[in-house]
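It should be emphasised that the depicted structure is a prediction, and the values quoted were computed from it without experimental measurement.
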Amino acid sequence: MAHGNPTASGHGQAKPGEIAIGVIIGRTSEFFDFFVYAIASVIVFPKLVFPFVNELTGTLYSFGIFALAFAARPLGTVIFMAVDRRHGKGAKLVIALFLLGTATVAIAFLPGYDTIGVAAIWLLAATRLAQGIAWGGAWDGLPSLLAMNSPAGHRGWYAMVPQLGAPLGLIVASALFAFFAGNLSADDFFDWGWRYPFFVAFAINVVALFARLRIVATEEYSELFESRDLQPTRVGETVKEEGRHILLGAFAPLASFALFHMVTVFPLSWVFLFTKESPVRFLIIEMIGAMVGVAAIVASGMIADRVGRKPLLIGSAIAIAVYSGFAPQLLDAGPIGESVYMVLGFILLGLSFGQSSGAIASSFAQTYRYTASALTSDFAWLFGAGFAPLAALLLATHFGLLSAGGYLLSGAVWTLLALWLSGLREAES
């Protein structure tokens, strides 16, 4: 069994640039779906699905359903790893992305509570669970393949590539909602305008599917996956053999994942509920922040290649801890305070999140790396992000914005602890 660098094989070489394009397209489509739902959770679903309670309670209920997808992701990984073993990655991706697209476009047709009563809540929850299962199946192994085929001395640069999908997806989702909310009457927006971003999400999923299949289903890439560096294994066996590293890998990016929601979903909910600022104006601030985030993610790749991933991850976790002590209060300081909060937050998010992908991956035995990496991603999002908007909003409304900073601080502490326990040999590998 050969585990050398497949890129050196001459004919049918694995081109890191080509893999990177597939990774960016795939991750952007997934994050676009994510943010379309997240934004709707703040400005649409509380009124559409929970009109029988006040806006704050409706938003909290909405965030509860938001978390269901993260709880369902590991189940999706279990189901679709079995599909992968029996039918291959192409079949797995087609089924998973078809399910994701169907669940997403179904939300666009969701009737409100005033039309079908409590069934609207159950339908929203069902589509969210389906999205989570599909996200578990959408793991294509391309980020791992990219990391394994990146040129020596440029590991940090290629590690940041998959992370670009997050701010890019946020920019497009925020732009769409800002356009429809800013150009339609309130009645038209809540009647039909909010539904259009979900139709766009379905179209983007189709494009992303073909872009990823073009790589995953080709003979040369199939040979790379079949080298057993990136082959699906049984989930139970993988957890038994790699459970410790999966757990450490899930906690290592908690600082960046907690910050992820503290500069995207949570501030939108706070501004929408507790200030007189227009949600459209704040969506524009989010777009600007996300553009800063893109630049910071790119910078993280250059910095990591100079100083190493470990010092950057530790330094950014410490910076996030400092940020948590003062920044949340800026959300109550008007437009300037909000803008400073978002720009600073996205700079820190870009530097930390840019290198959080697969931070523990090379600790996995090669046989289990593919499945273990998928499970690590699932649990990292579950622990670090799934309940973050709900927890932060609950804390902030009961104990003030400073307590939301405490939630962010806890994420930084868990990251530092996980990096210390792991030793992060892989950061330099």
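Under the 3.5 Å distance criterion, the side-chain polar atoms of Arg309 are left unmatched by any main-chain donor or acceptor of Asp305. A donor-acceptor pair is defined here as one N or O able to donate and one able to accept, closer than 3.5 Å; no such pair exists between the side chain of Arg27 and the backbone of Leu164. Checking side-chain atoms of His87 against main-chain N and O of Val83 turns up no donor-acceptor pair under 3.5 Å. In this structure, Ser316 contributes its side chain and Leu312 its backbone to a donor-acceptor pair below 3.5 Å. Between the side chain of Thr115 and the backbone N or O of Pro111, no donor-acceptor pair lies under 3.5 Å. The backbone N or O of Phe63 lies less than 3.5 Å from no partner atom in the side chain of Ser41, so there is not a single donor-acceptor pair. Judged purely by atom type and a 3.5 angstrom limit, Lys276 has no side-chain atom pairing as donor or acceptor with the backbone of Val271. Looking at Ser185, its side chain does come within 3.5 Å of a backbone N or O of Asp188 through a donor-acceptor pair. Checked by atom type and distance alone, the side chain of His261 never pairs as donor or acceptor with a backbone atom of Ala388 at under 3.5 Å.
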Could you give me the CA-CA distance, side-chain angles and deciding distance for Phe199 and Phe109, then say whether side-chain contact (heavy atoms from CB on, under 4.5 Å) is met? CA-CA 10 Å; Phe199 289 121; Phe109 293 101; 3.6 Å; yes
For the pair Glu286 and Leu268, evaluate side-chain contact (heavy atoms from CB on, under 4.5 Å) and give the outcome as yes or no after the intermediate values. CA-CA 9 Å; Glu286 286 207 329; Leu268 179 63; 4.2 Å; yes
Test side-chain contact (heavy atoms from CB on, under 4.5 Å) on Ile25 and Ile21 and set out the steps. CA-CA 6 Å; Ile25 292 173; Ile21 293 171; 3.9 Å; yes
What's the verdict on side-chain contact (heavy atoms from CB on, under 4.5 Å) for Glu338 and Ile285, showing C-alpha distance, side-chain angles and the deciding distance? CA-CA 8 Å; Glu338 293 166 8; Ile285 292 177; 4.2 Å; yes
Start with the C-alpha gap between Trp381 and Phe257, add the side-chain angles, then the distance that decides, and say whether ring pair (Phe, Tyr, Trp, His ring centres under 6.0 Å) holds. CA-CA 7 Å; Trp381 281 108; Phe257 281 23; 4.2 Å; yes
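For CZ of Phe190, the number of neighbouring non-hydrogen atoms (other residues, nucleotides, ligands) closer than 6.0 Å is greater than 12. More than 12 heavy atoms of other shown residues, nucleotides or ligands fall within 6.0 angstrom of atom CZ in Phe274. Shown here is Trp122, whose CH2 atom has no more than 12 heavy atoms of other residues, nucleotides or ligands within 6.0 Å.
Side-chain contact between Phe35 and Ser174: absent, with no pair of heavy atoms (C-beta onward) separated by less than 4.5 Å. Residues Leu129 and Leu75 have side chains not in contact (no heavy-atom distance under 4.5 Å, counting atoms from C-beta outward). Contact check for Leu348 versus Phe353: no side-chain heavy atoms found under the 4.5 Å cut-off. Within the 4.5 Å cutoff, the side chain of Phe383 has heavy atoms near those of the Phe251 side chain. Here the side chains of Leu48 and Tyr113 are not in contact, with every heavy-atom distance at 4.5 Å or above. Under the 4.5 Å side-chain criterion, counting only non-hydrogen atoms from C-beta, Pro253 is not in contact with Gln355. Inter-residue side-chain proximity for Ile65 and Phe50 is flagged as met; some heavy-atom pair is nearer than 4.5 Å. Put simply, the side chain of Thr127 does not reach to within 4.5 Å of the side chain of Leu110, judged on heavy atoms.
Shown here for Thr415 and Ala317, the closest heavy-atom pair between the two residues is CG2-CB, 3.9 Å. Minimum interatomic distance between Ile133 and Phe80 (heavy atoms only, all atoms of both residues): O-CE1, 3.7 Å. In this structure, Val49 and Leu124 approach most closely via the heavy-atom pair CG2-CD2, 4.0 Å. For the pair Gly101 and Asn205, the tightest heavy-atom approach, listed with the atom from each and the gap, is CA-ND2, 3.7 Å. Residues Ala296 and Leu351 approach most closely at O-CD2, 3.7 Å, considering heavy atoms. Here the shortest heavy-atom pairing between Ala418 and Leu248 reads CB-O, 3.8 Å.
For the atom pair Ser377 OG and Leu382 CG, the distance stands at 11.0 Å (nearest 0.5 Å). In this structure, CG in Leu408 is found 13.5 Å from CZ in Phe260, a value given to the nearest 0.5 Å. Note that CG of Asp33 is 8.0 Å distant from CD1 of Ile204, once rounded to the nearest 0.5 Å. Atom-to-atom distance recorded for Ser352:OG and Leu254:CG is 11.5 Å, nearest 0.5 angstrom. Here Leu409 contributes atom CG and Ser403 contributes atom OG; the two are 12.0 Å apart, rounded to the nearest 0.5 Å. Atoms CG and CD1, on Leu283 and Ile43 in that order, are 6.0 Å from each other to the nearest 0.5 Å.
In summary, of the residues considered (Thr275, Thr59, Asp332), a side-chain hydrogen bond (donor to acceptor under 3.5 Å, both in side chains) with Trp270 occurs for Asp332 alone. Tyr370 pairs in a side-chain hydrogen bond (donor to acceptor under 3.5 Å, both in side chains) with only one of the listed residues (Thr238, Asp84, Thr233), which is Asp84. A ring-ring contact (aromatic ring centres under 6.0 Å, His included) with Phe66 is found for exactly one of Tyr61, Phe45, Phe387, Phe34, namely Phe34. Partner of Tyr368 under the side-chain hydrogen bond (donor to acceptor under 3.5 Å, both in side chains) criterion, out of His245, Gln231, Glu242, Glu237: Glu237 alone.
Taking the six-membered ring where the residue is Trp, the centroids of Tyr323 and Tyr341 are separated by under 6.0 Å. Between Phe189 and Phe179, the gap from one ring centroid to the other reaches at least 6.0 Å.
Residues Glu241 and Arg234 are not paired through a salt bridge, judged by the lack of any N-O separation under 4.0 Å between the basic side chain and the carboxylate.
Of the N and O atoms on the side chains of Ser356 and Gln163, at least one donor lies less than 3.5 Å from an acceptor on the other residue. Side-chain contact check for Trp135 and Asp378: no donor-acceptor pair (N or O, by modelled atom type) lies under 3.5 Å.
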